[in-house]
S.K.: 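Take a look at the following structure, please.
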Amino acid sequence: MTASPMSKGSNLPVDARVVRVELAWAAGAGVPDIDASALLLTEAGRVRDDGDFVFYNQPRHTSGAVTHLGKQRGARDTTDTVEVDLGAVEGVVERIVLCASADGGTFGQVPGLVLRLLDAGAGTELARFDMAAGTETAFIGGELYRRQGKWKFRAVGQGYASGLAGLATDFGITVDDAPPASSASPVTTTPPVPSASPATTAAPVPSPPPVPPAVPVAPAQQPSASRPHPGAPRLTKGEERLPVDMRKRLSLRKEQVAVSLRKHGAAEVTARVILVLDASGSMSFLYSKGVVADVVERMAAVAAQLDDDGEMQAWTFASNPARLPDLRLGELPEWLRLHVRVGEVGLFRRGRKKGLEPSQVDMRDVGIQNEEQKVIAEVRAFVRDNPASAPTLVLFFSDGGVYRNKEIERELREAVEEPVFWQFVGLGKSNYGVLERFDTLPGRRVDNVGFFAVDDISTVPDAELYDRLLSEFPQWITAAGRAGIL
């Protein structure tokens, strides 16, 4: 059933719990591509942070209430859809603004532009708003808003000639290379929402963590170079180039790794070590406080003890994965400075971000959302394309917020037959989804996944951390060998 068309400014009550806002148009030659998006606003008419912008590169709000479902191309029209679970919207969110941007032209070049509000459960059309436009390159089609505890929908039809950047900065979104404030005014005479100055502060790039006082190494702790005992710390290429204090820390930590391996009957085990770092927006505090940099330095000791080539492969991820330059042990301080960085929202880029060194990842490509399955798939592909004589140990650090449970489970189940053990470490009390339950999931020939979480990893002593990291790895090696995987 088709609802009666709405006029600009009209509103109606919304009784459905879950609705879909579908933007439709007739695609064709010379017609710009259209992208739908949503802004979650507080009573002040602003977002709380960049995470309140849901769009193609950040498709799911952390609350789970708003999801960008993506485009569908049919015989007669193309649609782009945003789904809203009104029952799950956080209490502080008063309005959800439903936007669109035109890539490669203006909305005046888009025929048949219509916004439809659908009951997601029943599939019925609740509202229909046919929109007319001119030179606008961004558009507010409508909004869902609360009134006396109930949800309503309003047809807005407000355009911005300055594009999505101009629209977004009015609501408090951080924009790279934002247009001048004078160009951000709406095209129509509809009173604009109270605007805010665009934030311009970039995500902090942490320096390496403070160097603690050097710990003297007693002769009894130093294994004999002429007669090394099983599992003794291995001499690692590049180690001699480290600053003195960092080299001393590394030496002590390698000994702790060796002790843990001996404890679990794996003194002679070697492995390729791969590091994966969560760069999602919720990790910002851990990056800015140097916690992540400290984690990387501690994991370098694991790689140095298990593999003496002095290198470790590394990935970062949020909405998308990105492979970082290999971590060469002798370059550890500089690697920490350049590559231990949190993700960013990359909405309105004009080429590569200014000030980046050639080896650095543009963190706008990484984004800020949690998509663990993507980086798991990329690491699996790397291992397949680069076979090694030793098994691979993946050290995967995340603060949670896992919601792609089915996709993650599928990737890890398929990885059971591969020579890789996945050790996940949770940084804080959060939602780790299927990662917490993987040990109990049936139907796998071997258990290829380990998981533990800590409230504050910086307070966990090295000996305890390495023991927890490596306790299941030797068991997996034995089981994988018996199963013919290794």
Side-chain angles (χ1 to χ4, degrees), residues 5-12 21-28 30-41 45-47 52-57 66 68 71 77-82 84 95-117 127-145 152-198 347-350:
M6 296 183 69
S7 59
K8 186 174 178 177
S10 61
N11 63 76
L12 54 78
V21 182
E22 183 181 271
L23 190 69
W25 67 98
V31 176
D33 193 26
I34 305 300
D35 291 299
S37 55
L39 288 155
L40 286 74
L41 308 180
R46 298 187 62 197
V47 299
D52 282 343
F53 200 172
V54 177
F55 69 114
Y56 59 88
N57 199 33
V66 183
H68 178 248
K71 290 187 176 69
D77 60 13
T78 298
T79 61
D80 198 8
T81 304
V82 172
V84 182
R95 298 162 55 205
I96 300 172
V97 175
L98 307 159
C99 317
S101 59
D103 184 14
T106 69
F107 276 99
Q109 300 169 285
V110 181
L113 187 63
V114 60
L115 184 151
R116 294 194 288 261
L117 183 70
R128 180 185 183 89
F129 179 37
D130 296 296
M131 294 180 286
T135 61
E136 301 94 333
T137 52
F139 219 82
I140 298 177
E143 64 178 6
L144 294 158
Y145 63 100
K152 303 185 77 174
F153 172 78
R154 176 184 291 118
V156 177
Q158 176 175 305
Y160 284 68
S162 55
L164 195 56
L167 184 157
T169 53
D170 259 12
F171 294 103
I173 292 289
T174 302
V175 176
D176 293 322
D177 298 321
S182 61
S183 69
S185 57
V187 171
T188 67
T189 57
T190 304
V193 179
S195 62
S197 300
L347 304 180
F348 317 110
R349 67 190 66 199
R350 292 183 176 93

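This chain uses plain numbering: 1 for the first residue, then up along the sequence. The figures that follow rest on heavy atoms only: side chains count, while hydrogens, waters and symmetry mates do not.
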S.K.: Between the side chains of His68 and Asp35, is a donor N or O closer than 3.5 angstrom to an acceptor N or O?
M.R.: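 Side chains of His68 and Asp35: no pair found under 3.5 Å.
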
S.K.: Determine the minimum heavy-atom distance between Lys71 and Ile34, stating which atoms define it.
M.R.: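 Nearest heavy atoms, Lys71 then Ile34: CE-O, 2.8 Å.
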
S.K.: Which pair of heavy atoms, one from Phe129 and one from Val156, lies closest together, and at what distance?
M.R.: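 Heavy-atom minimum between the residues: CE2-N, 3.9 Å.
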
S.K.: Check for me whether Arg154 meets the cation-pi criterion with Tyr145, that is, NZ or CZ under 6.0 Å from the six-membered ring centre and within 45 degrees of the ring axis.
M.R.: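 That pair qualifies as a cation-pi contact.
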
S.K.: Measure across Ala155 and Ser7 and return the closest heavy-atom pair with its distance rounded to 0.1 Å.
M.R.: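 Scanning both residues completely, I find the closest heavy atoms to be CB-O, 3.6 Å.
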
S.K.: Which pair of heavy atoms, one from Phe107 and one from Leu113, lies closest together, and at what distance?
M.R.: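 Looks like CD2-CD2, 3.5 Å.
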
S.K.: Looking at Gly134, is its backbone amide N or carbonyl O close enough to the side chain of Glu136 to form a donor-acceptor pair, meaning the two atoms are under 3.5 Å apart?
M.R.: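 A pair under 3.5 Å: yes.
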
S.K.: Decide, yes or no, whether a salt bridge links Asp52 with Arg46 under the criterion of side-chain N to carboxylate O below 4.0 Å.
M.R.: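 Between Arg46 and Asp52 there is no salt bridge, as every charged N stays at least 4.0 Å from the carboxylate O atoms.
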
S.K.: Which pair of heavy atoms, one from Val66 and one from Val82, lies closest together, and at what distance?
M.R.: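 Residues Val66 and Val82, closest heavy atoms: CG1-CG1, 3.7 Å.
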
S.K.: Contact between Leu115 and Val21 at the side-chain level, heavy atoms closer than 4.5 Å - yes or no?
M.R.: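 Leu115 reaches Val21 side chain to side chain.
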
S.K.: Any donor and acceptor pair, going by atom type alone, linking the side chain of Asp80 with main-chain N or O of Leu23 inside 3.5 Å?
M.R.: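 Here the side-chain-to-backbone pair does not exist.
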
S.K.: Within the structure provided, determine whether Asp130 and Pro5 are in side-chain contact (heavy-atom separation under 4.5 Å).
M.R.: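 The answer is yes, as the side chains (C-beta and beyond) meet within the 4.5 Å cut-off.
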
S.K.: For a quick test of reading the model, state the closest non-hydrogen atom pair linking Ala132 to Phe139 and the distance between them.
M.R.: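 Minimum heavy-atom separation between Ala132 and Phe139: O-CZ, 3.8 Å.
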
